[in-house]
Engineer: 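I have a structure I would like to understand better, so I am pasting it below and will then ask my questions one at a time.
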Amino acid sequence: MTSRDGRTTAPGSLLIRGGRVIDPATGTDGVMDVLLSDGKVAKTGPGLDAGGGTIIEAKGLVVAPGFVDVHVHLREPGEEGKETIATGTRAAAMGGVTTVVAMPNTVPPIDTPAMIAYVLSRAAQDGVVRVRPAGCISHERKGEVMADLAGLKEAGAVAFSDDGNSVMNALLARRAMINTRILNVPYVEHAEDASLVDAGVMHEGRVSLRLGLAGRSPLAEDLIVARDLLLAEATGAHLHVAHVSSRRSLEMIREAKARGVPVTCEATPHHLVLTDEAVGEFDTSAKVLPPLRSEEHRLALIAAVKDGTVDVIASDHAPHGPLEKEVEFAQAASGMVGLETMLPLALEVLVRSGAMDLPGLVRLLSSAPARLFHLAGGTLAAGSPADVTVFDPELAWTVDPRAFSSKGRNTPFAGRKVRGRAVDVIVGGRIVVRDGGLV
Ligand code: DOR
Ligand code: ZN
């Protein structure tokens with residue numbers, strides 16, 4: 001059987017035996033077995049019979065629903081030198097991610113039903129995890145004319161975003177929200193007021209002053225978040241704020257949620273772990289949008305994950321090549337790869353720090369994003385897709401970009417000693433990563 005995201009499901013059965021099974025969607029946390037059969041979860045419980053199928057021993061490992069990353073740049077079509085669906089989905093698998101929402105700021109952008117169909121057909125051919133495309137909000141992602149949102153959804157778009165830019169025109173933002181509300185699809189905003197950021201290339205603060213670089217104030221994010229919260233309240237649209245980085249934005253989102261505004265948001269591992277100090281001496285691998293901010297903002301982000309203001313962790317995996325990164329800081333492209341470091345960084349900053357427990361993190365990586373973006377998966381309940389991530393939360397390794405499955409090497413985490421890694425990854429009942437290596 002081939003599903004909409006192009007995955008074929010594996011016939012036969014697979015038993016994952018004796019791991020700590022964590023399924024936040026069903027409140028499961030205990031040592032038991034998971035039986036997969038014909039591409040679905042058949043059963044979860046102690047002492048299950050493999051029925052003659054393959055057995056994966058998971059003793060000492062965590063068995064979780066496959067991770068769902070709602071913010072990934074696969075760069076295909078148009079920038080295949082940076083990443084392809086083949087390499088990006090392999091990077092996802094290595095990071096324990098079994099479903100990616102592919103951002104539409106490709107070249108050309110994904111702004112028509114035919115482009116959605118193209119991505120889905122490429123994904124069916126080359127992908128090793130599920131690819132669910134997001135469509136543009138505006139034609140050519142120019143922020144002027146609304147794209148055919150209904151047609152995009154019909155073709156398979158699971159979210160809408162002009163990511164990379166904010167929708168600066170409030171009339172367009174409002175119209176798009178009225179439409180996304182009717183279509184019941186999240187409106188995803190990259191919140192940075194283009195007029196306020198001007199020529200800023202990093203967070204505006206002590207570090208930008210010291211380096212003599214033009215800064216981007218967090219006010220740029222706050223203005224768009226404030227506007228969008230009002231628009232979401234008025235239209236009833238599901239607003240999802242991508243990669244929140246500012247303390248004040250988080251306060252506004254928290255307050256809006258308390259009033260029942262339909263808003264959710266995501267945090268990236270890099271905004272949780274790093275500050276603008278990571279730019280160091282003009283290190284372009286730490287150049288990202290929105291920018292890495294000061295410690296005050298980083299701590300506010302961790303607190304917001306802890307109290308539930310932040311709904312999901314997403315990588316914002318943004319591969320770039322040496323041509324875009326080995327240049328002057330101000331000229332360098334923004335973005336860093338993130339799929340293959342998301343799990344260990346999140347474990348470090350959220351779980352080992354004591355901010356939350358392991359089931360809490362698994363929820364942010366799997367059940368919460370699947371539910372908010374209306375995607376199948378994110379649970380090990382019987383009958384669900386057989387998407388499973390088996391990981392070792394303690395496995396120690398050193399980040400080496402040359403070993404990435406992604407084509408992107410642009411990470412500020414090179415050389416960092418981390419703990420936690422996907423060991424076995426299963427998509428639709430098929431093993432795509434076994435013992436830490438691609439199958
Ligand atoms: O740093 C970023 N890079 N932020 C974005 O929003 C877009 C992304 C990219 O596409 O490179
Ligand atoms: Zn963005």
Side-chain angles (χ1 to χ4, degrees), residues 69-84 88 91 100-111 119 133-138 141 143 159-168 186-194 197 200-203 216 218 220-221 224-225 228 239-246 249 264-274 276 278-279 283-293 312-325 327 329-339 341-342 406-413:
D69 188 343
V70 298
H71 199 136
V72 172
H73 297 274
L74 292 176
R75 305 297 190 215
E76 191 174 347
E79 294 187 298
E80 289 86 353
K82 295 182 178 183
E83 194 78 288
T84 62
V100 299
V101 173
M103 282 293 146
N105 63 335
T106 48
V107 186
I110 313 295
D111 65 348
V119 170
C136 292
I137 289 171
S138 68
R141 213 170 62 82
F160 295 108
S161 184
D162 275 1
D163 184 52
N165 298 118
S166 274
V167 173
M168 284 305 299
Y187 173 109
V188 180
E189 190 78 273
H190 172 121
E192 283 194 296
D193 185 302
V197 295
V201 295
M202 69 174 296
H203 174 63
R216 292 168 98 90
E221 181 170 317
I224 297 297
V225 168
D228 282 1
L239 166 66
H240 178 79
V241 185
H243 41 51
V244 182
S245 71
S246 119
S249 289
T264 59
C265 70
E266 75 198 25
T268 71
H270 49 272
H271 288 110
L272 287 164
V273 170
L274 298 176
D276 52 355
V279 173
D283 180 357
T284 61
S285 75
K287 184 177 179 186
V288 67
L289 294 180
L292 300 170
R293 300 203 184 277
V312 305
I313 304 295
S315 69
D316 195 4
H317 177 79
H320 291 290
L323 279 176
E324 295 83 22
K325 283 293 195 181
V327 296
F329 193 89
Q331 312 309 324
S334 300
M336 60 179 80
V337 289
L339 282 165
T341 49
M342 178 162 70
S406 171
K407 283 193 185 181
R409 304 282 180 263
N410 51 308
T411 174
F413 296 108

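Since the model is a prediction, treat every value here as computed from it, not as a measurement. Just so you know, residue 1 is the first one in the sequence shown, and it goes up from there. First listed ligand is number 1; within each ligand, the first listed atom is number 1.
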Engineer: Have a look at I224 and tell me which of E192, H190, M168 forms a side chain to side chain contact (heavy atoms under 4.5 Å, CB included) with it.
Structural biologist: M168
Engineer: Applying a heavy-atom cut-off of 4.0 Å, say which part of M103 lies close to ligand 1: side chain, backbone, both or neither.
Structural biologist: neither
Engineer: Would you please say whether a donor-acceptor pair under 3.5 Å links the side chains of D316 and H271?
Structural biologist: no
Engineer: Taking salt bridge (charged side-chain N to carboxylate O under 4.0 Å, His left out) as the definition, give me every residue that meets it alongside E76, ordered by chain and number, with sequence neighbours left out.
Structural biologist: R122
Engineer: With backbone taken as N, CA, C and O and side chain as the heavy atoms from C-beta onward, which portion of H243 lies under 4.0 Å from ligand 1: side chain, backbone, both, or neither?
Structural biologist: side chain
Engineer: Side chains of R141 and N165: any donor to acceptor distance under 3.5 Å?
Structural biologist: yes
Engineer: Listing by chain and number, which protein N, O or S atoms are under 2.8 Å from the Zn ion (ligand 2)?
Structural biologist: D163 OD1, H190 ND1, H243 NE2
Engineer: Please write down residue, atom name and distance for the protein heavy atom closest to atom 9 (C) of ligand 1.
Structural biologist: R75 NH2, 3.4 Å
Engineer: Show your reasoning for whether side chain to side chain contact (heavy atoms under 4.5 Å, CB included) applies to L339 and V72.
Structural biologist: CA-CA 8 Å; L339 282 165; V72 172; 3.9 Å; yes
Engineer: Is H71 touching ligand 1 with its side chain, its backbone, both, or neither, if touching means heavy atoms under 4.0 Å apart?
Structural biologist: neither
Engineer: Distance check, rounded to the nearest 0.5 Å: R293 atom CZ versus E221 atom CD?
Structural biologist: 5.5 Å
Engineer: May I have the step-by-step check of side chain to side chain contact (heavy atoms under 4.5 Å, CB included) for T268 and V288, ending in yes or no?
Structural biologist: CA-CA 11 Å; T268 71; V288 67; over 6 Å; no
Engineer: Measure the CD-NE2 distance between E189 and H243 for me, rounded to the nearest 0.5 Å.
Structural biologist: 9.5 Å
Engineer: Heavy-atom contact check, 4.0 Å cutoff: does K82 meet ligand 1?
Structural biologist: no
Engineer: Between ligand 1 and G335, is the shortest N or O to N or O distance under 3.5 Å?
Structural biologist: yes
Engineer: Tell me: protein heavy atom nearest atom 3 (N) of ligand 1, and distance?
Structural biologist: S334 O, 3.0 Å
Engineer: Which is it for A318 and ligand 1 at heavy atoms under 4.0 Å: side chain, backbone, both or neither?
Structural biologist: side chain
Engineer: So if I count the atoms of ligand 1 from 1 in the order they appear, which ones are less than 4.0 Å from some heavy atom of V288?
Structural biologist: 1 (O)
Engineer: List the residues meeting side chain to side chain donor-acceptor pair (under 3.5 Å) with H317, not counting sequence neighbours, and say none if there are none.
Structural biologist: E83
Engineer: Rounded to the nearest 0.5 Å, what separation is found between the SG atom of C265 and the CG atom of L239?
Structural biologist: 9.0 Å
Engineer: How long is the straight-line distance from CD1 of I110 back to CE of M103, given to the nearest 0.5 Å?
Structural biologist: 11.5 Å
Engineer: List ligand 1 atoms under 4.0 Å from D316, heavy atoms only on the residue side.
Structural biologist: 4 (N)
Engineer: Between atom NZ of K325 and atom OG of S285, what is the distance when rounded to the nearest 0.5 Å?
Structural biologist: 7.0 Å
Engineer: Could you work out, for atom 6 (O) of ligand 1, the closest of H190, K287, H317 by heavy-atom distance?
Structural biologist: H190
Engineer: Just need the protein heavy atom nearest to atom 7 (C) of ligand 1, so name the residue and atom and give the distance.
Structural biologist: H73 NE2, 3.8 Å
Engineer: Residues in salt bridge (charged side-chain N to carboxylate O under 4.0 Å, His left out) with E79, at least two apart?
Structural biologist: K82
Engineer: Yes or no: does H320 have any heavy atom under 4.0 Å from an atom of ligand 1?
Structural biologist: yes
Engineer: Using heavy atoms and a 4.0 Å limit, tell me yes or no: is N165 in contact with ligand 1?
Structural biologist: no
Engineer: What is the closest protein heavy atom to atom 4 (N) of ligand 1, and at what distance does it sit?
Structural biologist: L289 O, 2.8 Å
